Amino acid sequence: MKDETILNHDTYKDQHGAVVPPLYQNSLFTFDSWDDIDKAFDDKSENFLYSRLLNPTVRVAEEKIAQICHGEKAKLCASGIAAVTSAILHCVKAGDHIITIKNIYGPTNTFINNYLHNKLNITATFVDGRDVQEFQDAIQDNTTLIYLESPASLTFELQDLQAVAAIAKKYNIKTAIDNTWASPLYQRPLDLGIDIEIHSVSKYIGGHSDVVAGVVVGSKTIVDEIILAEHELLGAKMAPFEGWLITRSLRTLAIRMRAHQENAFHIAKYLESHSMIKRVFWPGLPSFEQYELGQKQMTGYTGLMSFELATKDISKIKAFVNALQLFKLGVSWGGHDSLVYAPVISYLKELSPDQFAAFGINESIIRISVGLEAHEDLIIDLDRALEECI
Ligand SMILES: *Cc1c(COP(=O)(O)O)cnc(C)c1O
């Protein structure tokens, strides 16, 4: 079946014929007999016992996500970062070594660099993900995980997923990827040899800016191990209502992604041609440094992009951001609503100016999430606000 059919046709059968799978707002499940509950315990990850482990409403969404990702199984989590930390903890033990990329999502960086280092003596090498050789060179005897994010969500560098997965397999190292930017539809890492795919469901899968959630996808063996360890013991479970909302969101994922892509393409072209814009970071532009690799491993592009204003005058940069009306100022991305954010606002609260520069960014970099409004109106909004920079 094609993605649109998987997302919109339910194999779930409700006893009353309700067209939408019902919301099972219950913590536990009861059994007719000793033998029945005894049997349920034989496979805790597949039988309905307790909603921390498995809930029928949440499972409807999990089955659809697993199918569109070409994975055997998916587990929804309370947040994207719960999915990230569950997947990483699954792959490492005390004293291990992780290879990841320099521009990894901030909280993931903090988890690896501070939390795992301080609590479990885990070390990490942060490589320039554009260069496959850097992964190979960073491998140590105790390397157990290569953790990717392609495209990365600030300046959008890509990693060659197939090449990195092949190196990892040779050394028996697990691979995981944060695939949030591409969405499950525009990049299929599991088909390219990656072991674990992670999404912040708060972004495109949720799509309506009304849910914080995450998901891990992979083989049944890996996902079952995560369910019975990190998921059950650290309590990263998803609430039933969240699961119900996500099934609602999945109905329109394919058409939303097409609309995000089309809007983003118009806006990236517009920004690229504007004299007050120095650079645009968006993998869908033919001028993008790694455009060829993107074409090879992705089947589409999404609505999050960055650009560098051609001014270093912070008062003008602030005036530009404040003048935007359709692009609302806020963190997160991937919803129906267009958003703007300037990394300098929060990054310099946690990083030294040198660390900030090491990300390859500066105070003139602006990130926008292109939503589902008409691109003509979004361009008028940008055009008016860019007057403030001149
Ligand atoms: C938002 C985000 C996360 C974390 O997801 P939450 O749902 O906010 O916990 C992880 N990775 C990327 C790339 C993100 O943008």
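These figures come from a predicted structure and were not determined experimentally. Ligands are counted one by one from 1 in listed order, and the atoms in each one are counted from 1 as well.
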A.B. asks: Which heavy-atom pair separates Leu154 from Pro343 by the least distance, and what is that distance?
C.D. replies: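 For Leu154 versus Pro343, the nearest heavy atoms are CD1-CG, 3.6 Å.
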
A.B. asks: Scan side-chain atoms only and decide if Asn142 and His97 contain a donor-acceptor pair under the 3.5 Å cut-off.
C.D. replies: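 The criterion, which ignores hydrogens and geometry beyond distance, is not satisfied for His97 and Asn142.
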
A.B. asks: Just which atoms of ligand 1 are under 4.0 Å from any heavy atom in Ser202?
C.D. replies: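 In order of numbering, the contacting atoms are 6 (P), 7 (O).
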
A.B. asks: Return the option from Ser332, Pro151, Ser200 holding the heavy atom at the smallest distance from atom 5 (O) of ligand 1.
C.D. replies: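 It is Ser200 whose heavy atom sits nearest to atom 5 (O) of ligand 1.
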
A.B. asks: Do any nitrogen or oxygen atoms of Val201 lie less than 3.5 angstrom from nitrogen or oxygen atoms of ligand 1?
C.D. replies: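 No, since none of the N or O atoms of Val201 sits under 3.5 Å from an N or O of ligand 1.
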
A.B. asks: Using a 4.5 Å cut-off between side-chain heavy atoms of Ile, Leu, Val, Met, Phe, Trp and Tyr, which other residues end up in the same hydrophobic cluster as Val60?
C.D. replies: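 Once heavy-atom contacts under 4.5 Å are chained together, Val60 belongs with Tyr12, Tyr24.
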
A.B. asks: Applying the side chain to side chain contact (heavy atoms under 4.5 Å, CB included) test to Glu134, which of Asp131, Val132, Asp137 qualifies?
C.D. replies: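 Single side chain to side chain contact (heavy atoms under 4.5 Å, CB included) partner of Glu134 among Asp131, Val132, Asp137: Asp131.
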
A.B. asks: Using a strict threshold of under 4.0 Å (side-chain N to carboxylate O), is an ion pair present between Asp160 and Arg130?
C.D. replies: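 Asp160 and Arg130: not salt-bridged.
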
A.B. asks: If you round to the nearest 0.5 Å, how far is OG of Ser369 from NE2 of His336?
C.D. replies: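 Output value for this atom pair is 10.5 Å.
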
A.B. asks: For ligand 1, is Ala213 a contact, meaning one of its heavy atoms is under 4.0 Å away?
C.D. replies: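 The answer is yes, since Ala213 has a heavy atom less than 4.0 Å from ligand 1.
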
A.B. asks: Quick one: do the Asp354 and Ser352 side chains pair a donor with an acceptor below 3.5 Å?
C.D. replies: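 No, no side-chain donor-acceptor pair sits under 3.5 Å.
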
A.B. asks: For atom 6 (P) of ligand 1, what is the nearest protein heavy atom, given as residue, atom name and distance?
C.D. replies: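 Going atom by atom, the protein heavy atom closest to atom 6 (P) of ligand 1 ends up being Gly80 N, 3.3 Å.
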
A.B. asks: Within a distance under 4.0 Å of any heavy atom of Trp333, pick out the atoms of ligand 1 and give their elements.
C.D. replies: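 Reading through ligand 1 atom by atom, the close ones are 15 (O).
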
A.B. asks: Measure the distance from atom 1 (C) of ligand 1 to every protein heavy atom, then report the residue, atom name and distance (to 0.1 Å) of the closest one.
C.D. replies: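 The answer is Lys203 NZ, 1.5 Å.
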
A.B. asks: Can you sort out which atoms of ligand 1 are near Ile81, meaning under 4.0 Å from one of its heavy atoms?
C.D. replies: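 Close to Ile81: 4 (C), 5 (O), 6 (P), 9 (O).
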
A.B. asks: Would you say Phe156 and Phe288 make side-chain contact, with heavy atoms under 4.5 Å?
C.D. replies: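 Answer yes - side chains close enough.
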
A.B. asks: Under 6.0 Å between ring centres: does that hold for Tyr204 and Trp333?
C.D. replies: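 Ring centres of Trp333 and Tyr204 closer than 6.0 Å.
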
A.B. asks: Tell me whether Trp181 reaches ligand 1 (any heavy atom closer than 4.0 angstrom to a ligand atom).
C.D. replies: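 Trp181: no contact with ligand 1 (<4.0 Å).
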
A.B. asks: Near Asp178, which atoms of ligand 1 are under 4.0 Å from a heavy atom of that residue?
C.D. replies: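 Checking each atom against Asp178, I get 10 (C), 11 (N), 12 (C), 13 (C).
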
A.B. asks: Can you name the atoms of ligand 1, numbered from 1 with element, that are less than 4.0 Å from a heavy atom of Ser79?
C.D. replies: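 Answer, ordered by atom number: 7 (O), 9 (O).
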
A.B. asks: Suppose I only count heavy atoms of Ser153 and a 4.0 Å limit; which atoms of ligand 1 are within that range?
C.D. replies: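 Those of ligand 1 that fall under 4.0 Å from Ser153 are 13 (C).
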
A.B. asks: For Gly214 and ligand 1, answer yes if some heavy atom of the residue is under 4.0 Å from a ligand atom, otherwise no.
C.D. replies: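 No, Gly214 has no heavy atoms under 4.0 Å from ligand 1.
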
